[in-house]
Amino acid sequence: MALTTIDDVAPSLLSIARFTLRSRLSRNCHLTDPEAAVDALEELLAHVQLLEPTADEIEMAAELEELATNKALEFDMGESQLVAILLKRGCPLLITGDKRAIIAMAEIGLVDAEGKLACVEQLFAYILDTIPHMDVRRRICAEATADKALTACFACATSIVTAKDIVAGLDSYTNDLRRRSGAMLVTGLRAKIP
């Protein structure tokens with residue numbers, strides 16, 4: 001958790017995520033070890049702050065969703081609430097796995113969020129500066145169906161991969177998203193592996 005703690009503030013999740021994530025895990029028949037996934041989720045939930053959006057944040061989220069809908073963009077309620085919280089509370093960073101939401105924010109011109117978003121691939125590149133790549137890879141590949149992009153980046157179908165190869169894959173996904181989302185993604189959150 002220390003890797004994602006900023007100014008002594010632990011990472012946060014929407015309070016409702018406790019239920020949606022548990023439900024998603026209980027219904028996912030593709031996981032190799034569903035019990036380990038549930039245990040990992042419970043460990044995570046024990047260390048994060050849970051957020052409840054205010055009425056103002058819910059109103060802002062609805063406005064963002066409407067802007068996205070009017071442009072036929074995908075921007076779901078959870079992501080819109082997180083973005084509203086990010087902006088209303090002045091949070092430094094939102095890490096999301098929803099690339100469509102990042103693109104939607106760019107398309108609706110949400111300039112206040114520019115440079116405050118990170119995709120999951122950026123997070124994992126950052127993690128690789130602290131945790132050996134083979135340890136991270138072992139965990140990703142143990143549940144290879146959980147995230148196809150990470151499975152590809154960590155080359156789960158091959159027996160040997162270098163840290164440099166993994167970072168190149170993560171950077172490729174990040175750079176593609178950066179091309180499609182303009183200035184939305186934070187800069188400087190990447191592995192220092194040469």
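- No side-chain heavy atom of Tyr173 sits under 4.5 Å from any side-chain heavy atom of Val120.
- No salt bridge links Arg139 with Asp135; every basic N to acidic carboxylate O contact stays at or beyond 4.0 Å.
- Taking 4.5 Å as the limit, every side-chain heavy atom of Glu43 sits out of range of all side-chain heavy atoms of Asp39.
- Ile16 CD1: 12 or fewer foreign heavy atoms inside a 6.0 Å radius.
- Of all heavy-atom pairs spanning Ile102 and Cys119, the tightest one is CD1-CB, 4.2 Å.
- Connection of Leu110 to Leu82 is established within a shared hydrophobic cluster, with ILVMFWY side chains joined at heavy-atom distances below 4.5 Å, either directly or through further cluster members.
- Gln122 CD to Thr187 OG1: the interatomic distance, rounded to the nearest 0.5 Å, is 9.0 Å.
- Distance alone, capped at 3.5 Å, places no donor-acceptor pair between the Ser172 side chain and the Ala168 backbone.
- Taking the side chain as every heavy atom from C-beta outward, Ser12 and Val48 never approach each other to under 4.5 Å.
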Under the criterion side-chain contact (heavy atoms from CB on, under 4.5 Å), I'd like the reasoning laid out for Leu64 against Ile108: C-alpha separation, chi angles, the key distance, then a yes or no. CA-CA 8 Å; Leu64 294 173; Ile108 64 175; 4.0 Å; yes
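- Between the side chain of Glu107 and the backbone N or O of Lys71 there is no donor-acceptor pair closer than 3.5 Å.
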Evaluate Leu87 against Met60 for side-chain contact (heavy atoms from CB on, under 4.5 Å), listing each step before the verdict. CA-CA 10 Å; Leu87 298 177; Met60 180 183 197; 3.5 Å; yes
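- Of the possible polar contacts, none joining the His133 side chain to the Asp165 backbone as a donor-acceptor pair under 3.5 Å is found.
- Taking hydrophobic clusters as Ile, Leu, Val, Met, Phe, Trp and Tyr residues chained together by side-chain heavy-atom distances below 4.5 Å, Phe124 shares a cluster with Ile131.
- Put simply, Leu44 and Leu50 are part of the same group of oily side chains (I, L, V, M, F, W, Y) that touch within less than 4.5 Å, one to the next.
- Contact detail for Leu93 and Ala118: the closest heavy-atom pair is CD1-CB, 3.9 Å.
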Decide yes or no on side-chain contact (heavy atoms from CB on, under 4.5 Å) for Ile160 and Thr158, but give the supporting numbers first. CA-CA 6 Å; Ile160 298 174; Thr158 64; 6.0 Å; no
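- In terms of modelled atom types and a separation under 3.5 Å, the side chain of Arg100 and the main chain of Glu74 share no donor-acceptor contact.
- To the nearest 0.5 Å, the span separating SG on Cys153 from CZ on Arg137 amounts to 12.0 Å.
- Not a single donor-acceptor pair under 3.5 Å links the side chain of Arg89 to the backbone N or O of Leu86.
- In this structure, Phe154 and Val161 approach most closely via the heavy-atom pair O-CG1, 3.9 Å.
- When side chains are defined from C-beta on, Val83 counts as touching Phe75, because their heavy atoms get closer than 4.5 Å.
- For Arg18 and Ser15, the side-chain atoms include at least one donor-acceptor pair closer than 3.5 Å.
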Pair Val136, Ile166 - check side-chain contact (heavy atoms from CB on, under 4.5 Å), show working. CA-CA 10 Å; Val136 178; Ile166 293 170; over 6 Å; no
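- Using modelled atom types, one side-chain atom of Thr54 and one backbone atom of Glu57 make a donor-acceptor pair closer than 3.5 Å.
- No donor-acceptor distance shorter than 3.5 angstrom exists from the side chain of Ser181 to the backbone of Ile103, with no hydrogens or angles considered.
- Between the side chains of Asp171 and Thr174, no donor N or O sits under 3.5 Å from an acceptor N or O.
- The two atoms that bring Ile58 and Gln81 nearest to each other are CG1-NE2, 4.5 Å, heavy atoms only.
- Salt bridge status for Lys99 with Glu121: present, with a side-chain N to carboxylate O gap under 4.0 Å.
- Under the 4.5 Å side-chain heavy-atom criterion for Ile, Leu, Val, Met, Phe, Trp and Tyr, Ile95 and Val167 are members of the same hydrophobic cluster.
- The backbone N or O of Ala142 lies less than 3.5 Å from a partner atom in the side chain of Thr32, making a donor-acceptor pair.
- Transitive grouping of hydrophobic side chains (ILVMFWY, heavy atoms separated by less than 4.5 Å) brings Leu123 and Leu150 into a common cluster.
- How far CG of Leu128 is from NZ of Lys164: 15.0 Å, rounded to the nearest 0.5 Å.
- The distance from atom NZ of Lys116 to atom CG of Leu94, rounded to the nearest 0.5 Å, is 11.0 Å.
- Closest of all the heavy-atom pairs between Arg178 and Val186 is NH2-O, 3.3 Å.
- Glu79 places no side-chain N or O within donor-acceptor distance of the main-chain N or O of Asp76, the cut-off being under 3.5 Å.
- Ion pair Arg22/Glu42 flagged as a salt bridge, since at least one NZ, NE, NH1 or NH2 atom sits closer than 4.0 Å to an Asp/Glu carboxylate oxygen.
- Side-chain contact between Pro53 and Leu14 is present, with at least one heavy-atom pair separated by less than 4.5 Å.
- The CG atom of Leu45 sits 6.5 Å away from atom CG of Leu13, with the distance rounded to the nearest 0.5 Å.
- Atom-to-atom distance recorded for Met105:CE and Asp112:CG is 12.5 Å, nearest 0.5 angstrom.
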